[in-house]
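All values below come from the heavy atoms of this structure, side chains included, with hydrogens, waters and symmetry mates left out.
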Amino acid sequence: MRPSIIVTDLPVKVSPDLLNVLWLHMAGKQTTIQQAHAVTLNFKDPSYSATTGGFHPVEIRLTRRGDDWHLAYVTDFAYVGIGDYAELAKELDFDFSSDHFSHALIGEMPSADVPEWFTLWQDNFLSYHCLGVYNVQISLN
C-alpha cells in the first residue's frame with residue numbers, strides 16, 4: 001500500500017510524477033517506514049564533481065503527521081568555490097516546514113516566485129531521474 005503524501009497544503013503544485021518517484025523509492029522500505037517519523041531521500045549522481053560538473057545532488061525529506069506523510073523540504077545542492085576549495089552548498093532550497101524558500105544567488109525568494117522556481121526544479125529533476133543518473137539512499141528517523 002502506498003503511503004499518503006499530502007501536498008495540498010503547499011504553496012506549489014507537486015506533480016503526480018514526483019510523488020510516484022518518492023513512492024517508488026519508499027516502497028522498498030515499506031515495513032520499516034511504518035515506524036519512522038521522517039524519511040530522507042538522497043539522490044546523487046556518482047560522477048558529479050566540482051571540476052567536471054554533472055547532475056546536482058538532491059535531498060527530499062518527508063515527515064509523518066499521524067498516518068500521512070508531508071513534504072518537509074526539497075534541497076538542490078551544487079559545488080561552490082574552485083578546485084580543492086570547492087564544497088557542496090545549498091543552491092535551491094524549498095523548506096515547506098518553515099515557509100523559507102531561497103536560491104544561493106538571489107537569497108530569499110519572494111512568495112510569488114516560489115511556484116515558478118519549484119516547477120522549474122521539479123521538471124528538471126524528473127527528467128534527470130528518468131535518465132537514471134541518480135543513486136538513491138534512504139534514511140529513516
(Q) In this structure, would I5 and L24 fall into the same cluster of hydrophobic residues linked by side-chain contacts under 4.5 Å? (A)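 No; L24 is not reachable from I5 via cluster members.
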
_Using the rule that Ile, Leu, Val, Met, Phe, Trp and Tyr join whenever any side-chain heavy atoms are under 4.5 Å apart, tell me whether L88 and F125 fall into a single cluster._
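No, L88 does not connect to F125 through the hydrophobic network.
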
Sequence neighbours left out, cut at 3.5 Å: what donor-acceptor pairs do the side chains of residues 45-56 make with other protein atoms?
| unit_1 | atom_1 | unit_2 | atom_2 | d |
| --- | --- | --- | --- | --- |
| D45 | OD1 | S47 | N | 2.9 |
| D45 | OD1 | S47 | OG | 2.8 |
| D45 | OD2 | S47 | OG | 3.4 |
| D45 | OD2 | F55 | N | 3.0 |
| Y48 | OH | Y79 | N | 3.0 |
| S49 | OG | T51 | N | 3.4 |
| S49 | OG | T51 | OG1 | 3.4 |
| S49 | OG | T52 | N | 3.0 |
| S49 | OG | T52 | OG1 | 2.7 |
| H56 | ND1 | D76 | OD1 | 2.7 |
| H56 | ND1 | F77 | O | 3.3 |
| H56 | ND1 | E91 | OE1 | 3.4 |

For R64 and H70, indicate whether the former's side chain and the latter's backbone hold a donor-acceptor pair under 3.5 Å.
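No.
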
Measuring from [X]:[atom1] to [Y]:[atom2], what's the distance to the nearest 0.5 Å?
| X | Y | atom1 | atom2 | value |
| --- | --- | --- | --- | --- |
| Y73 | I60 | OH | CD1 | 10.0 Å |
| E108 | D113 | CD | CG | 11.5 Å |
| L92 | T75 | CG | OG1 | 8.5 Å |
| D93 | M109 | CG | CE | 8.0 Å |
| E59 | N42 | CD | CG | 4.5 Å |
| D67 | I6 | CG | CD1 | 10.5 Å |

Handout entry: Whether over 12 other heavy atoms sit under 6.0 Å from I82 CD1
Key =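 Open.
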
Ring centres under 6.0 Å, that's the criterion: do Y128 and F43 meet it?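 Here the rings of F43 and Y128 have centres that are no less than 6.0 Å from each other.
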
Could you name each residue pair satisfying ring pair (Phe, Tyr, Trp, His ring centres under 6.0 Å) that touches residues 89-113, not counting sequence neighbours?
->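 Qualifying pairs, neighbours excluded: F94-F118, F96-F101, F96-F118, H103-W117.
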
Checklist line | Those residues that, when tested against S102, pass side-chain hydrogen bond (donor to acceptor under 3.5 Å, both in side chains) (two or more places apart) | finding: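 Residues passing side-chain hydrogen bond (donor to acceptor under 3.5 Å, both in side chains) with S102: none at all.
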
Open item on the list: Could you work out, with side-chain hydrogen bond (donor to acceptor under 3.5 Å, both in side chains) as the rule, every residue matching Q122, not counting sequence neighbours?
Closed with: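 Once residues adjacent in sequence are excluded, Q122 has no partner under the side-chain hydrogen bond (donor to acceptor under 3.5 Å, both in side chains) criterion.
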
Do any side-chain atoms of residues 15-22 form donor-acceptor pairs under 3.5 angstrom with protein atoms, and if so which ones, sequence neighbours left out?
| unit_1 | atom_1 | unit_2 | atom_2 | d |
| --- | --- | --- | --- | --- |
| S15 | OG | D17 | N | 2.9 |
| N20 | OD1 | R2 | NH1 | 3.0 |
| N20 | OD1 | R2 | NH2 | 3.3 |
| N20 | ND2 | P16 | O | 3.3 |

Derivation of the side chain to side chain contact (heavy atoms under 4.5 Å, CB included) call for W121 and V58: CA-CA 10 Å; W121 169 83; V58 171; 3.7 Å; yes

For a quick check under 3.5 Å, do D95 and S98 share a side-chain donor-acceptor pair by atom type?
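Their side chains do contain a donor-acceptor pair, which is all the 3.5 Å distance test asks for.
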
Are T119 and V12 side-chain neighbours, meaning at least one heavy-atom pair lies under 4.5 Å?
->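 T119 vs V12: side chains apart.
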
Discussion item. Ignoring hydrogens, what is the shortest heavy-atom contact between D68 and S4? Give both atom names and the distance.
Written reply: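 Looking at all heavy atoms of both residues, the closest pair is OD1-CB, 3.3 Å.
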
Exercise answer: donor-acceptor pairs, residues 129-141 side-chain atoms, under 3.5 Å, sequence neighbours excluded:
| unit_1 | atom_1 | unit_2 | atom_2 | d |
| --- | --- | --- | --- | --- |
| H129 | NE2 | H25 | NE2 | 2.9 |
| N141 | OD1 | R61 | NH1 | 3.3 |

